[in-house]
Amino acid sequence: IRDFGALGDGVTVNTRAIQRAIDTCSKEKLGGVLISGGKYVTGTIYLKDNVTLQIAAGAALLGSTKIEDYAIDTHKNMYRGEPHMDRCLIFAKKAHFIGIEGKGMIDGQGGIEYFPNKNDGQKNRPMLIRFLECSHIRMRDVTLQNPASWTTAWLYCSDIVVDSITIHSRVNENGDGLDFDGCRGVRVANSLFDTSDDSICLQASHPEMPCCDVVISNCLFSSQYAGIRIGLLSRGDFENVTVSSCLFRDIKDSGLKIQMCEGGEMRNMLFCNLVMQNVPRPVFMTFCQQRACVDVGDELAPMKAMHHFMFGSMVIDSAACGMDSAIIMVGLPGHPIEDITLQDISFTSGGGFSSDSAQALPDFTPEVLKGGWPEYDVLGMTVPCYGVYASHIDGLTIRNCTFDTLEADSRPAIACHDTSRLNIHGVVTAGGPSDIQCEGEVMLSVP
């Protein structure tokens, strides 16, 4: 980019120079645009066909701290009520064989001193990267940090590989890491996430664009909210997702947050070989009705189906999370989540609830999710068990699992409401078989 007049002094805005380099590279099929030997400030740049941004070790691409340097033709954020996140630093539309690679960094300089969170109309907070309808995308080794809002948004893209990247996004709110919306053929591996919002999101904002064939492995997650969220934006379908060999640490909300609420169908997902530490809700699943997408009205979409999930070989230490630590899975009357298996899970929660004290369990009823926002606090804050809570589930198997607490707890380990086809085998709890309280017929076999 220096050949096109870019200056790596950390001050000069190099948008035109960098864009000329990208345009020339794409037109002449040269393959790569090199960013090296300095810190280069830029506004919005557009990635084109057959171009890989190569950011060398020690070099940095810096987002301008002035909102007027960001273009307004970079599509939009798909959540309603969030137009302040429509702009972005790097944008590509219908581009193919593109990438961002190298051991350097992209720094959005998105702190609240430049992009404040206020309610006075001053809300423009650009994302770092947005790809729309692109394919054959590679992102490797690079560090992405300090976005003013989300780090990346991938909309309706295919054939994606993200490998060995690092994301730090704690300087502003809504700092999601990787958001894949209606994407297929996604592989994320060997990466580290430290985010102020969900580290990875799988979404489906368009009813004809499913989010499918996703593999996530060998990653480390730390987040102010969820490690991995699947759903919420869920007008389209989700299927064929695997998450394996990952570590979740210091997650404020949920390790795996799985939400179906806008009319799509979700099925066929496997989560295995996971370690979670200081995560209050290792798994939080909801099947309900809500409208989150910017492109729809207020009418709630009909509920389709949410089925076939397996969670296995997990070690969970939530001892520091107090009484709100549990695996929670809730549907609605007449609309159960179907066919869930929990197997080979060791879970230590905080415990500490005492029926003899002044504490009292609130009315923990999943029905409040009908038309409500699917968050844990909507349910009443303190879950009525210390291990697994299931409500409106059809087909639940809990096999070879151990549930314990740091402090003595008078609640059951497992509590099930309106749950059919329930099988519990080889489960060890702090209080023995009496710690399992389930309505209806249960196939129960405990040590």
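- Counting only N and O atoms by type, the side chains of T152 and W154 include a donor and acceptor under 3.5 Å apart.
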Original post:
Going through the distances and angles, do R140 and E101 end up as a salt bridge (charged side-chain N to carboxylate O under 4.0 Å, His left out)?
Top reply: CA-CA 5 Å; R140 292 189 175 96; E101 300 181 356; 3.3 Å; yes
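- No hydrogens or angles considered: nothing links the side chains of D86 and Y70 as a donor-acceptor pair under 3.5 Å.
- Note that OG1 of T341 and CZ of F309 are 11.5 Å apart. Values are rounded to the nearest 0.5 Å.
- The side-chain heavy atoms of F115 and I67, taken from C-beta on, include a pair separated by under 4.5 Å.
- Residues N174 and R125 have side chains that bring a donor and an acceptor to within less than 3.5 angstrom of each other.
- For T52 (side chain) and Q54 (main-chain N/O), no donor-acceptor pair under 3.5 Å exists by modelled atom type.
- S222 and D250 get closest at one heavy-atom pair: OG-O, 3.7 Å.
- Side chain of T143 to backbone of M105: no donor-acceptor contact under 3.5 angstrom is found.
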**OP:** Apply side-chain contact (heavy atoms from CB on, under 4.5 Å) to L89 and I106, showing your working.
**Re:** CA-CA 10 Å; L89 182 66; I106 301 175; 4.0 Å; yes
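- Judged by the 6.0 Å and 45° rule, R267 forms no cation-pi pair with F238.
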Original post:
Step by step, would you call Y79 with W150 a side-chain contact (heavy atoms from CB on, under 4.5 Å)?
Top reply: CA-CA 12 Å; Y79 278 98; W150 291 5; 3.7 Å; yes
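- In this structure, the side chain of S196 engages the main chain of G175 through a donor-acceptor pair within 3.5 Å.
- Counting heavy atoms from C-beta on, the side chains of Y376 and F284 come closer than 4.5 Å.
- Looking only at atom types and distance, the side chain of T348 has no donor-acceptor partner in the side chain of D317 under 3.5 Å away.
- Side-chain contact annotation: Y114 with S64, donor-acceptor N/O pair under 3.5 Å absent.
- Rounding to the nearest 0.5 Å gives a distance of 12.5 Å between CE of M85 and OG1 of T74.
- Across I165, T151, I160, V186, a single residue satisfies side-chain contact (heavy atoms from CB on, under 4.5 Å) together with L178, and that is I165.
- We find the CD1-CG distance between I90 and L144 to be 8.0 Å, quoted to the nearest 0.5 Å.
- For S318 (side chain) and V279 (main-chain N/O), a donor-acceptor pair under 3.5 Å exists by modelled atom type.
- Remark: of the listed residues D176, D194, D197, D194 is the sole one forming a salt bridge (charged side-chain N to carboxylate O under 4.0 Å, His left out) with R170.
- Side-chain contact of N146 with Q109: a donor-acceptor pair under 3.5 Å is absent, judged by distance alone.
- The shortest heavy-atom contact between N77 and R130 is N-NH2, 3.8 Å.
- No option in I337, D339, I340 other than D339 meets the side-chain contact (heavy atoms from CB on, under 4.5 Å) test with H308.
- Between V330 and F287 there is no side-chain heavy-atom pair separated by less than 4.5 Å.
- Between H136 and F97, the ring planes lie parallel to each other; the angle is under 30°, not in the 30° to 60° tilted range.
- Residues V33 and I1 form a side-chain contact, since some pair of their non-hydrogen atoms from C-beta on lies under 4.5 Å apart.
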**OP:** Could you go through the salt bridge (charged side-chain N to carboxylate O under 4.0 Å, His left out) check for K76 and D295 one step at a time?
**Re:** CA-CA 11 Å; K76 61 186 177 182; D295 287 339; 2.7 Å; yes
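- Between E208 and Y156, the side chains place no donor N or O within less than 3.5 Å of an acceptor N or O (distance only, hydrogens not considered).
- Between the side chains of N50 and S26, no donor N or O sits under 3.5 Å from an acceptor N or O.
- Distance alone, capped at 3.5 Å, places no donor-acceptor pair between the S199 side chain and the T195 backbone.
- Taking CD of Q224 as the reference point, atom CD of E173 lies at 9.5 Å (rounded to 0.5 Å).
- Across all non-hydrogen atoms, the minimal contact from A59 to I35 is CB-O, 3.5 Å.
- Residue S234 holds its OG atom at 6.5 Å from CE of M266, rounded to the nearest 0.5 Å.
- Note on K94 versus E133: salt bridge recorded, some NZ/NE/NH1/NH2 to OD/OE distance being below 4.0 Å.
- Side chain to side chain, H335 and Q289 fail the donor-acceptor criterion of an N or O pair below 3.5 Å.
- Judged by distance alone, the side chain of R80 and the main-chain N or O of V296 form a donor-acceptor pair under 3.5 Å.
- Taking each heavy atom of C288 and L332 in turn, the nearest pair found is CA-CD1, 3.8 Å.
- Look at R187 and D159 and you find a salt bridge, because one of the NZ, NE, NH1 or NH2 atoms lies within 4.0 Å of a carboxylate O, short of that distance.
- When atom types are taken as modelled, the side chain of N14 and the backbone of T12 share a donor-acceptor pair closer than 3.5 angstrom.
- Between the side chain of S254 and the backbone N or O of P282, no donor-acceptor pair lies under 3.5 Å.
- The backbone N or O of L34 lies less than 3.5 Å from no partner atom in the side chain of S36, so there is not a single donor-acceptor pair.
- Minimum heavy-atom separation, I251 to P280: O-CD, 3.0 Å.
- A salt bridge links D253 to K257: at least one charged side-chain nitrogen sits closer than 4.0 Å to a carboxylate oxygen.
- Inspection of the N268 and E239 side chains reveals no N or O donor paired with an N or O acceptor under 3.5 Å.
- Using a 4.5 Å cut-off on side-chain heavy atoms (C-beta onward), M209 and R184 make no contact.
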**OP:** Begin with the C-alpha distance, continue with both residues' side-chain angles, and end with the deciding distance and a verdict on side-chain contact (heavy atoms from CB on, under 4.5 Å) for T166 and F193.
**Re:** CA-CA 6 Å; T166 298; F193 300 82; over 6 Å; no
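- Inter-residue side-chain proximity for I258 and M306 is flagged as met; some heavy-atom pair is nearer than 4.5 Å.
- For the pair D107 and L61, the minimum side-chain heavy-atom distance is 4.5 Å or more.
- Remark: side-chain polar atoms of R2 are not paired, donor with acceptor, to backbone N or O of L7 under 3.5 angstrom.
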**OP:** Output, in order, the C-alpha distance, side-chain angles, deciding distance and verdict of side-chain contact (heavy atoms from CB on, under 4.5 Å) for V188 and C219.
**Re:** CA-CA 8 Å; V188 179; C219 292; 4.1 Å; yes
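- Between H417 and H392, the gap from one ring centroid to the other is short of 6.0 Å.
- Contact of the F180 side chain with the V214 side chain is not registered, since no non-hydrogen atoms from C-beta on lie closer than 4.5 Å.
- The CG atom of L274 lies 7.5 Å from the CD1 atom of I228; values are rounded to the nearest 0.5 Å.
- L256 pairs in a side-chain contact (heavy atoms from CB on, under 4.5 Å) with only one of the listed residues (R229, M285, M269, M276), which is M276.
- Contact check on D23 versus K48 returns a salt bridge, with a Lys/Arg side-chain nitrogen under 4.0 Å from an Asp/Glu carboxylate oxygen.
- Shown here for S191 and D163, the closest heavy-atom pair between the two residues is OG-C, 4.0 Å.
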